[in-house]
Amino acid sequence: MKLEREMMRGAGPTAVMHLLVDGEMYGYELIETLAKKSKGIFTLGQSTLYPMLYNLESKGLVASKERKGENGRKRRYYRLTAKGKKKLESDRQQWASLVEGMGALGITRDRSDVSRPISDWNLGGATA
Amino acid sequence: MSSVLPNLKKIYRTPLSDLIRLRLTNRLDWRAAISQSELPVDVQHTITNVVAQTGLWRSEKASVADELISHFKDGNDSGLTYENLLNTFGDASVASRLIRRAKQRNRSMASKIAKAFGWTTLAALISIVLFWFYFRSLKANPTVNYLATITESVRTADDDDKAWPLYRDAWIKHRFCSAKEQGAYYQVLNNDLGRTCSPTDDKWDEAVTWVESRKDLLDAFRSGADRPLLGIELQSKIEDYSDIDQQALHPDWHDRKPATKEAPTTAETVVGDSTESEEFVGGTVIGTLMQHIQMIRVAAQMFQIDTQIAIEQKDSQRALINIQTTAALANQITDTNFIVTHLVSENVAQQAFEQIELVLTQSPELLTDDQLNTLQATATKYQLDLASGFETYKVSIRDIVQQIYTDNGDGDGQITQYGLAVMSGLTSGDDKKNTTAFLYNLMRSSRKSTIDAIDELVEIAKKEYAKPKYEKLLSEEEMLQTVINKSGVNQALIRQFAPQVLSFQSAKWQSEARRNSVLIAIAAEQYRRNNGKFPSAAEQLKNGFIRSFPTDPMNGKELKYDLHEGKPRIYSVGWNGDDDGGKLIFDNHGRPLAFGYGSVPVFAEGDWILWPTPAWTE
C-alpha cells in the first residue's frame with residue numbers, strides 16, 4: 001500500500017529524519033531504505049524526495065555535503081543536525097499522540113486485524 | 001582567439017572559490033556533466049529538463065544535476081532498470097517547481113535581500129520610465145496674453161497723450177537704437193569714470209560736437225515733453241512690432257535681409273543659458289523688448305551736456321526746457337509699469353536733478369524767479385512709483401507659470417518637462433549646483449500653489465518696500481522663508497523670481513533723498529534771492545520757502561542742512577544714523593558718495609552728501 005501525496009507530505013520528512021538518526025545517507029539510499037524499512041508504504045519518487053531534502057536543509061534540520069562514495073561516485077550525503085534531532089523528537093511525540101488518538105477512535109489497529117472482517121473491528125463502541 | 005573563447009567559458013563556469021585558487025574546474029557546466037554521465041539519452045533528457053526548468057542559479061543547477069545523475073546511477077546499481085527509475089521519477093515539471101522553491105528557500109539571507117533589492121530597483125526603474133513618458137506628455141496651454149493686459153492702457157490711450165510718434169522719426173533718422181550707435185553714445189557721452197562728460201573732461205569738445213549734431217533728436221524729445229505717456233506698444237518679439245517701430249527700435253534687425261531674420265537675438269541677452277530658456281523669454285512678458293529705455297537714459301545724458309552748453313551760453317530757457325524734458329522722459333517711460341522701467345526712470349530723474357544742480361551751482365542767476373518756481377514744481381512732481389510696478393511683476397510671473405505648467409481648467413496644474421528645462425536654464429548659483437533637488441522642488445509644487453506663494457511674496461515685498469529705512473525691515477531671505485514655510489511650495493521657483501526688494505528700497509530712498517535735497521537747494525536759492533545770502537540753518541527755510549522740511553529716509557528725521565564754504569550743503573546721516581557733521585563717505589573704490597546704500601559696509605561711519613554732489617577724482 002502506498003501513501004497518498006498529502007499523507008506523505010506530513011509523514012515523509014519525519015520518516016526521512018528518522019532514517020538519518022543512525023548516520024548520513026545519500027538520496028537514492030534514503031529512497032531504497034525507506035521503502036524497505038516501511039515495507040513499501042513509504043515509496044518516495046525522486047520528484048518528492050529531493051525537494052523534501054532541500055526543504056529540510058533550508059530549515060536547518062539536515063545538512064549535506066558532497067563527496068565521493070566507496071565506488072568513487074560523487075554523491076551528496078545528508079545528515080541530521082542538532083536542530084533536526086530536536087524536531088524529530090517533537091515529531092515522534094506528536095505521531096505517538098496521533099496514533100494513540102487514531103487508535104482510540106478505532107481507526108488504527110493491529111495489522112493482524114486487517115485480515116478480519118471489518119464488522120469484527122473494535123471501533124470504540126460504534127456498531128458496524 | 002579560438003583558444004581564448006573556451007577559456008573564457010571555463011572561467012564563466014568555474015565557481016569563485018575555485019577561481020580564487022586559480023583552478024579552472026568548469027564545474028558549473030551542468031549540461032556537460034549530464035552529457036558525460038554515460039546515462040541513457042532519455043534519462044539525460046529528463047534530468048536536463050528538470051534542471052533547466054528550475055531556473056536556479058548556475059551553481060544550484062550544477063548541484064541538482066550532479067545529485068540526479070548519481071541518483072539514477074545508484075538506482076541502476078541496485079538492480080533497477082533506467083526505464084523503471086524513470087517511471088518512478090514522477091512529474092518532471094512538478095519536480096522542477098518543488099526543487100526551485102526548496103532551493104530558493106535555502107539561499108542565504110544576503111542573496112534574498114539582494115533579490116528583493118533587485119526587484120525593488122526594477123520596479124522603481126519601470127515606474128520612472130512610465131512617469132517619464134507621462135511627464136513628457138504634459139503640455140502647457142497658455143491662454144492669456146498678459147503682455148496685452150500690461151500694455152492695454154498704452155494701446156487704448158489718446159494719441160495726443162503719446163510722445164512716441166513725435167520721437168520716432170528722429171530715432172529712425174539717427175538709427176538711435178542701432179548697436180553701432182549705442183556703442184558710440186556710451187563712448188562719447190561718458191568720461192573715464194563712467195559719468196556724463198563735463199567741461200573738465202578731455203572728451204568734452206567731442207561730446208559737444210556729438211550732441212549738437214543731433215539737435216533735431218533733442219528737439220523731438222522737447223516737442224513731446226508735455227505728453228504724459230511714451231506710448232510704445234511693447235512686444236516680446238521683434239516681428240510683432242509694426243514696420244515703422246521696427247525701424248525705430250530695432251534698426252539692425254529691420255535692415256537685415258528677410259532670410260536672416262531669425263529668432264529675436266535679444267532673448268539671448270536677457271536671461272538663461274539653455275535653448276529652452278532662450279526661446280522661452282522671447283515670447284513672454286519677461287522677454288518684453290525694452291531697448292528704448294536704455295536710449296532714454298542716453299537722451300538724458302545728452303540733455304545734461306546740452307544744459308551745460310546752455311549755461312555757458314546763458315540760455316536759461318533752453319536749460320529749463322532740457323530739465324523739464326528730462327524729467328518728462330523719466331515719467332513717460334513708466335507708462336507700462338514694469339519695475340525695470342521705474343528703475344531706469346529713477347536714473348533718468350537723477351540726470352534731471354543733476355542738471356538742476358549744474359544750473360544752481362554754476363550760474364545761480366541764470367534762471368528768473370518764475371523759471372526757478374517752474375523748476376521747483378518739476379522736481380516736486382517727480383516721485384518714484386516703484387510700488388505700482390509690483391502688480392506688473394505679479395502678472396509677469398503668471399505669464400511664466402502659464403507657459404511652464406499644465407492647466408486643468410480650474411487654475412491648477414503641474415509643471416511640464418519643458419517648464420523644467422526652462423527653469424533649469426534660468427536658474428543659477430546654489431540651485432544650479434544641486435539640479436536634482438532643484439527639479440524635485442519644482443515638481444512637487446502645483447500651478448496654483450506656486451501662484452499663491454508668489455502673490456503672497458509680492459504682497460510682503462510691497463509692505464516691506466513701503467517701510468522707511470529706520471523701521472524694522474525683513475531681509476529678502478526672511479521674506480522668502482515666511483512664504484516657503486507657510487506654503488511649502490518650491491523654493492527654487494520662488495527664489496528665482498523673488499523681487500529684489502532691497503535694491504528697490506535702495507532706489508526709493510536714494511530717489512527720495514536726492515529729490516528732497518534738490519527741493520531744499522531750490523528753496524535755499526529762493527531764500528538767497530530774497531535775503532541776499534543763503535540760510536545758515538534749516539529753520540530759516542521753514543518760514544515760507546518750504547512747506548515741510550523733507551525727512552532723511554535713513555533715520556526719519558529732517559535731512560541735514562548747513563553752510564559749507566558759504567554754500568548750502570544737504571546730507572543724509574547715512575548707514576550709522578548719526579550726524580557725523582557732513583563727513584564724506586567713500587565706496588569700495590575710494591570714491592565719495594552722494595548716497596551709498598549697498599556700496600559701502602553696513603554701519604560705516606560718515607554721512608552721505610546729497611548736495612552738492614561730491615566730485616569724483618581718479
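Treat the numbers as computed from the prediction; the structure is a model and nothing was measured. Chain letters run A, B, ... following the sequence lines, proteins first, then strands; residues in each count from 1. All heavy atoms count here, side chains included; hydrogens, waters and symmetry mates do not.
Both the backbone and the side chain of B:V64 come within contact range of chain A, with heavy atoms under 4.5 Å apart. Contact annotation for A:I31: only side-chain heavy atoms (C-beta onward) come within less than 4.5 Å of a heavy atom of chain B. B:L85 touches chain A through backbone and side chain together, each having a heavy atom under 4.5 Å away.
By the 4.5 Å heavy-atom criterion applied to side chains, A:E29 and B:D74 are not counted as neighbours. In this structure, A:R76 and B:S63 have side chains that are in contact, with non-hydrogen atoms separated by less than 4.5 Å. Within the 4.5 Å cutoff, side-chain heavy atoms of A:R73 are placed close to those of B:D77.
Once rounded to the nearest 0.5 Å, the distance linking CG of B:L98 with OG1 of A:T48 reads 7.5 Å.
Contact between B:A102 and A:S58 at its shortest, heavy atoms only, is O-CB, 4.2 Å. Nearest heavy-atom pair across B:A95 and A:P51 is O-CG, 4.3 Å. Shown here for A:E32 and B:S78, the closest heavy-atom pair between the two residues is OE2-CB, 3.2 Å.
Residue B:H71 is tested with A:Y26, A:Y28, A:Y50 for a side chain to side chain donor-acceptor pair (under 3.5 Å); the sole match is A:Y50. Checking each of B:Q104, B:R100, B:E67 against A:Y54 for a side chain to side chain donor-acceptor pair (under 3.5 Å) leaves exactly one that passes, namely B:E67.
Considering only heavy-atom pairs separated by less than 4.5 Å from chain A, the leading option among B:K103, B:R101, B:R107, B:R97 is B:K103.
Within a 6.0 Å sphere centred on NZ of B:K112, heavy atoms belonging to other residues, nucleotides or ligands number more than 12. Within 6.0 Å of CD on A:E100 lie no more than 12 heavy atoms contributed by other residues, nucleotides or ligands.
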